[in-house]
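In this text the structure is predicted, and so the values were computed from the model without any measurement.
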Amino acid sequence: MRSYIKSTYEYTKLRKNFGRQPLFQDVPAHLIDSINPDREEQKQYMLRNPVHREIQATMPQSEHDANTKQLIMHEQGINHTEGGWPRDVHLYNEDHLARHRRRVQHEDGYVHAISNLKPQVEHYIDQNNAIDMYQTYFAGMDARAPVEKYNVQIANVFKDTYKRPVSCIVWTNEKKSKLAASYSYQEYTADKSSNNRTVSYVWDVNKQTSPLYEFYPESSCWRLAPSPDNPDILVAGLENGTINIFDIRNNQDAVSKSSVYNSHKGPITGLLYLHSRTNSEFFTGSPDGQCLWWDIRNLFKPMDQLFMSVRQAQNVEPSFSTAEGVSCIEFDRGLPTKFLTGTESGLVINANRMGRSHSEVLTNYWNAHSGPVRAVHRSPCTLRMFITCGDWNVRIWSEEVRTAPIIVTRPYLYQVTDVAWAPLRYSSYMAVCQGGVFHYWDLLRKYREPIATLQISKHGLTRLTPHPEGESIAVGDNCGSLYLLHLSENMILPGSQDKHLFHQIYDRETRREHILDNRVKEIRLKHRKDDAETHVSNERVDDEGVVKTAEIDYFKTANEELNKIDGLHFASSNFSE
Amino acid sequence: MANEAEETIRKLSQHKGVVGVVVVNGEGIPIKTTLDNHVSVQYAGLLSALVDKAKSVVRDLDPTNDLTFLRIRSKKSEVMVAPDKDFILIVVQNPVE
């Protein structure tokens with residue numbers, strides 16, 4: 001940067017150097033001098049006679065001439081039918097014309113001109129012969145659709161000093177979201193002390209060296225939920241089945257806790273806020289088989305309780321013995337009275353809170369996986385479609401189809417631990433697995449394999465939580481590292497037709513399943529009818545007769561074919577001679 | 001020397017695609033031509049005026065610049081004009097398909 005050049009000059013001068021200060025005084029007027037007219041001088045002048053005088057008010061003007069370059073002009077006549085032949089050459093006299101032409105051709109100027117101009121002209125003639133310069137280039141080419149490039153990058157890594165596996169990650173509900181992460185060992189070990197360190201962190205996305213806040217739940221935390229209205233309140237579901245509420249601004253210990261007697265009997269595996277006016281209700285699920293509804297203002301005891309038992313006999317009351325352990329829950333604001341749960345036995349249960357009897361509440365279930373269902377999520381595109389993951393598969397289901405998933409992808413090499421829909425992009429979802437790989441699928445673009453995969457960590461990945469605006473994904477692994485991924489824009493935002501096309505996919509797959517289902521039912525019905533009939537009649541098949549007729553038929557057709565071929569041979573051999 | 005010029009013009013007119021070559025002097029008369037008289041006179045008259053106009057365009061925009069070559073591409077042919085101090089050399093060529 002150039003130095004600033006001052007355009008002023010400053011100097012100082014002492015006041016005493018200015019001269020004496022003038023001191024003014026107010027005095028009345030007094031005559032200093034008076035000059036009288038000189039009569040002698042006056043006599044030398046006389047008044048002039050008035051004359052007419054014209055004057056004009058104009059702009060001052062001046063005249064100036066200068067020499068410009070001289071242009072030599074001479075007059076020349078031109079015969080407009082044919083160019084400027086000199087005077088002495090008559091147009092109709094061939095000889096004159098030819099003589100004049102020959103004269104000009106012998107001039108030096110002519111020969112030099114030709115030899116100077118020749119290379120240039122030759123170049124252009126050859127150029128024209130070589131290529132057709134003036135054609136429209138690429139006129140015949142069709143426009144190609146732009147290639148979509150998918151990019152997944154690890155933007156940041158947040159490490160836990162104690163290297164505990166990540167059990168839950170949530171984004172807080174504020175403009176500059178923070179990441180709250182809880183860590184716990186979730187495998188059953190005899191050694192209870194491994195979960196002694198219960199500290200959980202809230203990370204600022206830009207600062208990876210140390211967490212923004214730490215908080216200490218009573219026992220190790222399995223699930224977290226951010227409060228929808230207040231970004232400082234966090235609800236934690238713990239291993240001993242209780243709930244702890246934390247206000248992360250204030251202190252590091254729980255602000256309020258639920259009592260062990262009134263909470264779950266197993267660790268909390270599902271914790272979600274409900275849609276209510278006061279934003280203070282949430283519900284939890286646990287492998288002990290019940291779902292409890294709580295009000296955040298009063299954690300003494302739960303507001304409501306439900307046993308998740310679907311496979312009990314007709315008259316048996318639902319109880320702990322018949323209930324299925326809950327491994328994940330799903331709630332969507334669009335369907336405020338319904339929720340989905342995934343169980344440890346691999347079922348997905350559809351529940352309606354407004355049911356009057358137990359069987360009306362737990363409406364139906366799907367046999368989703370062979371192991372615990374690790375995640376259930378409804379699609380942002382259409383609420384009747386949901387995705388589940390568990391064992392080695394990810395499956396997409398429709399509420400209308402009871403028998404089978406509507407979209408199934410190839411099984412993964414490792415167990416799939418978490419799956420999530422892309423929040424803004426209707427046709428995409430992401431999955432993480434035990435091999436440490438992050439898969440991003442887009443069902444509209446590629447059906448058979450993910451469009452992007454990234455090996456994130458050497459250890460297995462445990463949780464996957466996308467930011468509600470889609471561009472950052474938080475992934476946690478088995479060794480306490482929390483990875484923040486950034487996706488390229490074409491993986492975040494939907495295409496213009498995506499929603500419509502994905503709806504079509506959903507409709508088509510649902511219809512396919514319906515048709516298959518109906519067909520299977522028809523076939524079963526038919527078999528049942530057939531079985532009933534065959535018991536009544538006595539049938540004896542005449543095997544011998546059937547074989548005989550078949551033989552006769554065969555030889556007849558074979559002979560016919562042979563005759564046809566012979567005929568052809570015969571005809572062609574005639575021609576060759 | 002004049003033979004050289006003759007030779008050059010002949011060779012130019014024998015290039016592939018060339019229909020004709022006309023040399024026009026400063027007064028607009030076709031000095032040497034391989035086309036017939038009527039056509040040459042037309043080319044000479046029309047193109048002299050065009051070359052003058054083109055030259056004045058180039059020099060008006062930038063007085064240090066000068067016209068070196070003029071190509072007029074039409075549907076059926078291409079006219080190439082090389083201006084000189086006193087003469088202009090016109091070549092008419094048909095496009096190669």
Side-chain angles (χ1 to χ4, degrees), chain A residues 68-69 71-137 139, chain B residues 1-9 11-19 21 23-33 37-38 40-49 68-71 73-75 77-97:
Chain A
T68 54
K69 205 162 176 183
L71 193 63
I72 304 169
M73 302 201 292
H74 79 271
E75 282 181 20
Q76 164 111 29
I78 289 187
N79 181 350
H80 288 282
T81 53
E82 190 161 325
W85 295 99
R87 273 236 197 89
D88 47 356
V89 175
H90 287 271
L91 206 53
Y92 302 106
N93 192 335
E94 285 286 336
D95 272 350
H96 278 181
L97 294 185
R99 217 188 313 137
H100 178 82
R101 280 210 186 97
R102 243 175 293 132
R103 206 184 318 134
V104 175
Q105 283 179 17
H106 282 276
E107 282 172 14
D108 260 357
Y110 174 82
V111 180
H112 279 307
I114 296 289
S115 50
N116 280 339
L117 295 175
K118 174 188 158 191
Q120 219 182 17
V121 179
E122 239 180 350
H123 168 75
Y124 288 118
I125 292 178
D126 289 337
Q127 195 184 58
N128 269 349
N129 283 333
I131 59 173
D132 183 8
M133 239 173 38
Y134 296 99
Q135 63 175 204
T136 316
Y137 301 132
Chain B
M1 290 266 273
N3 290 340
E4 252 180 56
E6 280 289 321
E7 243 343 86
T8 317
I9 302 246
K11 275 215 206 102
L12 279 179
S13 62
Q14 278 173 353
H15 266 270
K16 185 165 145 195
V18 172
V19 176
V21 180
V23 181
V24 183
N25 78 344
E27 281 140 16
I29 44 179
I31 301 292
K32 178 90 183 92
T33 167
N37 196 20
H38 173 66
S40 324
V41 163
Q42 264 198 310
Y43 269 112
L46 298 168
L47 284 171
S48 300
T68 50
F69 204 80
L70 185 63
R71 276 171 112 162
R73 181 105 174 83
S74 70
K75 267 198 277 191
S77 63
E78 176 160 4
V79 181
M80 293 177 278
V81 184
D84 189 67
K85 206 155 59 75
D86 300 317
F87 296 89
I88 60 175
L89 174 60
I90 303 170
V91 175
V92 182
Q93 191 187 19
N94 275 335
V96 168
E97 290 310 324

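Interface remark: B:T68 contributes backbone and side-chain atoms alike to the contact with chain A (heavy atom separation under 4.5 Å).
In this structure, the side chains of A:Y110 and B:V23 come closer than 4.5 Å at one or more pairs of heavy atoms.
Of the inter-residue distances, the one linking A:H100 atom NE2 with B:I31 atom CD1 reads 5.0 Å to the nearest 0.5 angstrom. With values rounded to the nearest 0.5 angstrom, B:E6 atom CD is found 9.5 Å from A:I114 atom CD1.
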Inset, instruction - Evaluate side-chain contact (heavy atoms from CB on, under 4.5 Å) for A:K118 paired with B:E4, printing each intermediate quantity in order. - result: CA-CA 11 Å; A:K118 174 188 158 191; B:E4 252 180 56; over 6 Å; no
Do any side-chain atoms of residues 82-93 of chain B form donor-acceptor pairs under 3.5 angstrom with protein atoms, and if so which ones, sequence neighbours left out?
unit_1, atom_1, unit_2, atom_2, d
B:Q93, OE1, A:N128, ND2, 2.9
B:Q93, NE2, A:I125, O, 3.1
B:Q93, NE2, A:N129, OD1, 3.0
B:Q93, NE2, B:K16, O, 3.4

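When A:E107, A:R102, A:H106, A:Q105 are compared by the number of non-hydrogen pairs under 4.5 Å with chain B, A:Q105 comes out ahead.
Side-chain N or O atoms of A:R101 include none that pairs as donor or acceptor with a backbone N or O of B:I29 at under 3.5 Å.
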